[in-house]
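In what follows, a structure is listed as structure tokens, so that the remarks can point back to it.
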Amino acid sequence: MRRIGYQLLVAISLLGAAPAATRPRYGGTLRVMMQAAPTTLEIPTSAAPTDYWDSARILTLLTNNLVELDAAARPQPALAVSWQNDMNGKRWQFALRHGVKFHDGSPASGAAIAKILGDIHSGWIVRAAGDSLTIESDYAMPSLLAELALTKNAIVKRNADGIPIGTGPFRVAEFQPGGHLKLAAVEESWTGRPFVDAIEIDLGRSLRDQAIALELNKVDVIETTPQPAPGGMQHGRTSLTVELMALVFSPNTRAQDVRLRDALALAINRKPIQSGLLRGAGDPTATILPNWMTGYAAAFSTQPDLQRARGVLADSRQPVVTLSYDPRDPQGQLIADRIALNAREAGITVLVSLSGPADVNLVRIVLPSSDPATSLREAAIELGMGQPLIHGNSIEDVYAAERALLDGHTVIPLFHLPVASAASSRVRHWEPDRTGDWNLADLWLEVP
Amino acid sequence: MQWRGTSGTRLRWLTALAFAVVLLSSNLRASSLTDLARQLAQRTVAITGPGAIALEIVNRSSLDDHSVNEVRTALEAQLRGQGVRTAKPDESVAQVHVVLSESLREYVWSAEIIMGQDEHRVVLVSMPHAVSTGAPASAMPLTIRKTFLFTQAQPILDALMVEMPGGTRLLALDESRVAVYRQQAGRWELESSLSISRSHIFPRDPRGRLLLRRDHLFDAYLPGTLCRSSAAAPLTMTCSDSDDPWPLAIEEGGARAFFAPARNFFNGTFSPGIGKLSTAPSFYSAAVLPRSGYTLWVLSAVDGTLHLLDGMTDQVIRGVRWGSDVASVQSNCGAGAQVLASESGDPEQDSLRAFEFPDRDPVAASAPAEFDGSIVTLWTESNGSTAIVVVRRGGTGGYEAYRVSVACSN
């Protein structure tokens, strides 16, 4: 009896516990699928959000920036270990990390980094002196650190074939443009050797193909739509709202009368669109920047007000407005149709059309930084607006700049949207960044 | 921790410490909220002027109900102090709609002020999120006792308590420094910081070990790097590249193993060896159990198996679902020494349990002690009777260090 009791205790000790927390393990190949099918490994200009995310996620594996932003959007050292700036923010000096090398073995010296940044920013004067770097401009750059953390400011060279040569934890081992990309772990990476040996990325795979491949256990990390993950998907993750869907009026729009744009903004009933067509994903918004970035979104009403919309129009005679959308966006047409319906209730005629130049476009853009001032500047560029005048670093300064940008209603923000992804059960430490990056260098694979 | 006095004294001391920390933290926060409320009131009154306003407050932040009530009380008091009283909308010159919100960085409170039909203004105030100063001490009077030590944002690789002139010090090792804390008014205050200079690249899952020494205060073992402190005050530290094996045993001169400098494990080579054994499979951690006539070593291998080394043989135990980290503690209870091992794969909550090896198989000897996060570090302290546990919290991502010991149940 005593023996049976002892054996029972042993059995409990051996088998009773849940799977134990283990340290990261080295080895294996991570299998990834992406929708985008880039022919070059760079951030495309005016990219669709999908293309941006996929290119950015690849470049993040290959490169580093001078500075990176942490989870609270605070600048942290990367290739630069420290920095200081003058009183008016026009001159910044950076001390660079010693001993970092590009994947081709050349040193990531001040001179090399100065050339890369100087080529990207013609308005900056970038000088190197040994292991320090100075960036100067004629205008104040209070958000320079956040700007340097943008993927487009990654420190990267290119070989004769245009393949990126960075300082990141992976290097390109093989690239078939638009088809397949293989990355190999960099043993001497200054951030520490990644846990997996390699990453194989299948490009140009639809969301449906990716979901099926995950079900069949043929892939480890995929993109998904930001809705509840279907059966079989392990570790579904949804980011913060890092994309903006908005109406953008063309410069030559027939809707030149600000009353028409104001009335349209008041007529749109965002909530039913968000809960129905977007299946509950994201948040209705009347701001360019999401609340998690600024905290002031509540100061901009998203409530429709048809009575006020009709009052704004009064008895004015307004032209018919054409509305276009991105045909690659699966919800684009349905949302455009719903907006046209809302507009009609306010007495505005909106025709949804993909042919010819449109008066207003339904667009979706990426908010590429968790720093509000930087994201506002980048969004303004993407939306074709003038550069915002942000006088300082406080949230009140950003609020004033955004309020001024939105006053003319040339852009009507509609929704902030997240991005989503999922990983198979053999992937461990699957903790994508809340702002959309995948952090694949920190993943490891469970022993089969 | 070199506790002095009786267990009753310890309990009273811990209770007082916990109360002091909670009170201090609570007062600090209340003061900040009141200050922010004062700013919002000032900006609001600058627009409305004195008189009656209809005030509505909506909370869309992480503030709890108690804090929101504090804000409401403070805001109304500040408004009253500036000649503004709250009233019904139809008796008011303005409607003020306050939203308590927040971003990743800061609390952001907005007041939307509506005066008449046309005038519509918004004022904002903001305050950075407070940096967490850690939770008060907690101890579970179960078989495994855990005592909270401190918290920080950066990964804590090891910690130890040491008696020095002027009182107990807490030494905390991370990738960049050894921080020396001294207890002041119930809190650990940073006394000095010894930087780690290194030329070696640390792996992504860096590990480190702090050990007290006889001829100087401590050694800090890091991947490819060894740091040695001075023997006396003022405390200094010198670091150099090193592939010396790391001590596995507490006593100096005991078994040592080589740590793979670009990985997160020991490569399985001992120097000096364990009895006649000089190699074993790569392993993450080791625990030692004294036996009559020999010493039993328990290795947590990289392949997930346990290896029991008695100096002559290497016995493999498969199917034990422990974590990667094990440590031993002398308790003078039960068999006298136990192996601590983490359980659970839930990233939100790991637990630690004591095991004994009456024969060759582990037997649970305690109830699990729960931690709010994943256990990332577990080392036996230099005194041999306690272990340091570091937990990585989900959400905030901060790291918390605990000291654990095994106490007799009866």
Side-chain angles (χ1 to χ4, degrees), chain A residues 6-7 9-26 70-74 98-99 169 187-195 240 289-301 370-372 394-396 399-400 403 428-431 434-435 441-442 444 447, chain B residues 58 60-61 97 99 101-110 112 122-126 129 199 201-207 262-265 284-285 302-304 317 319-325 341-347 350-351 353 355 358-359 361-364 368 374-376 396-397:
Chain A
Y6 171 71
Q7 286 173 342
L9 270 176
V10 170
I12 290 170
S13 300
L14 289 175
L15 303 172
T22 55
R23 301 208 82 84
R25 294 191 171 126
Y26 287 85
D70 66 12
R74 294 171 301 216
H98 290 285
E187 292 292 335
E188 303 301 324
S189 168
W190 68 270
T191 55
R193 195 253 200 214
F195 296 117
L240 294 168
L289 301 178
N291 194 62
W292 65 263
M293 213 183 277
T294 64
Y296 62 59
F300 295 75
S301 174
S370 52
D371 175 70
S394 74
I395 202 64
E396 290 90 337
Y399 169 81
R403 178 66 83 179
R428 304 297 296 271
H429 199 248
W430 171 231
E431 294 182 6
R434 291 195 297 169
T435 52
D442 289 328
W444 52 282
V447 173
Chain B
V58 175
R60 293 184 184 167
S61 71
H97 182 66
V99 177
S101 183
E102 66 189 320
S103 68
L104 285 181
R105 288 177 177 164
E106 55 200 343
Y107 293 108
V108 179
W109 297 354
S110 60
E112 186 179 6
V122 173
V123 293
L124 294 176
V125 293
S126 59
H129 286 138
S199 59
I201 296 168
F202 284 172
R204 277 180 184 269
D205 177 31
R207 301 182 67 189
R263 298 291 189 271
N264 56 354
F265 51 75
Y284 290 116
S285 58
V302 169
D303 65 2
I317 299 180
V320 177
R321 304 174 79 181
W322 287 0
S324 304
D325 292 297
S342 59
E343 297 182 323
S344 165
D346 180 355
D350 275 352
S351 60
R353 190 190 283 242
F355 291 86
D359 193 2
D361 295 309
V363 174
S374 52
I375 295 173
V376 294
T396 60

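Letters A, B, ... mirror the listed sequences (proteins, then strands); counts begin at 1.
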Notebook entry, point to check: Quick one: are A/Y399 and B/V122 in side-chain contact, heavy atoms under 4.5 Å?
Noted result: yes
Next item on the list: Side-chain contact test, heavy atoms from C-beta onward, threshold under 4.5 Å: evaluate it for B/F265 versus A/R23 and give yes or no.
Entry: no
Next item on the list: Run the salt-bridge test on A/D371 and B/R105 with the 4.0 Å N-O cut-off and return the result as yes or no.
Entry: yes
Notebook entry, point to check: Does any heavy atom of chain A fall under 4.5 Å from the side chain of B/L104, the backbone, both, or neither of them?
Noted result: both
Check: What part of B/F202 is in contact with chain A, defined as an atom under 4.5 angstrom from a non-hydrogen atom: side chain, backbone, both or neither?
Finding: backbone
Once rounded to the nearest 0.5 Å, what's the spacing between atom [atom1] of [X] and atom [atom2] of [Y]?
| X | Y | atom1 | atom2 | value |
| --- | --- | --- | --- | --- |
| B/S374 | A/H429 | OG | NE2 | 7.5 Å |
| B/S324 | B/N264 | OG | CG | 8.0 Å |
| A/H98 | A/W190 | NE2 | CH2 | 13.5 Å |

Check: In terms of heavy-atom proximity below 4.5 Å to chain B, should A/Y296 be classed as side chain, backbone, both, or neither?
Finding: both
Note to self: For A/T294, which atoms come within 4.5 Å of any heavy atom of chain B: side chain, backbone, both, or neither?
What the structure shows: backbone
Notebook entry, point to check: Taking B/L124, B/V376, B/V99 one by one, which has the highest count of heavy-atom pairs under 4.5 Å against chain A?
Noted result: B/L124
Note to self: Quick check on the interface: out of B/E102, B/E112, B/R263, who has the most heavy-atom pairs with chain A under 4.5 Å?
What the structure shows: B/R263
Note to self: At a heavy-atom distance under 4.5 Å, which candidate from A/A298, A/A73, A/A297 has the highest pair count against chain B?
What the structure shows: A/A73
Notebook entry, point to check: Who wins among A/S394, A/G295, A/P290 for the most heavy-atom pairs under 4.5 Å with chain B?
Noted result: A/G295
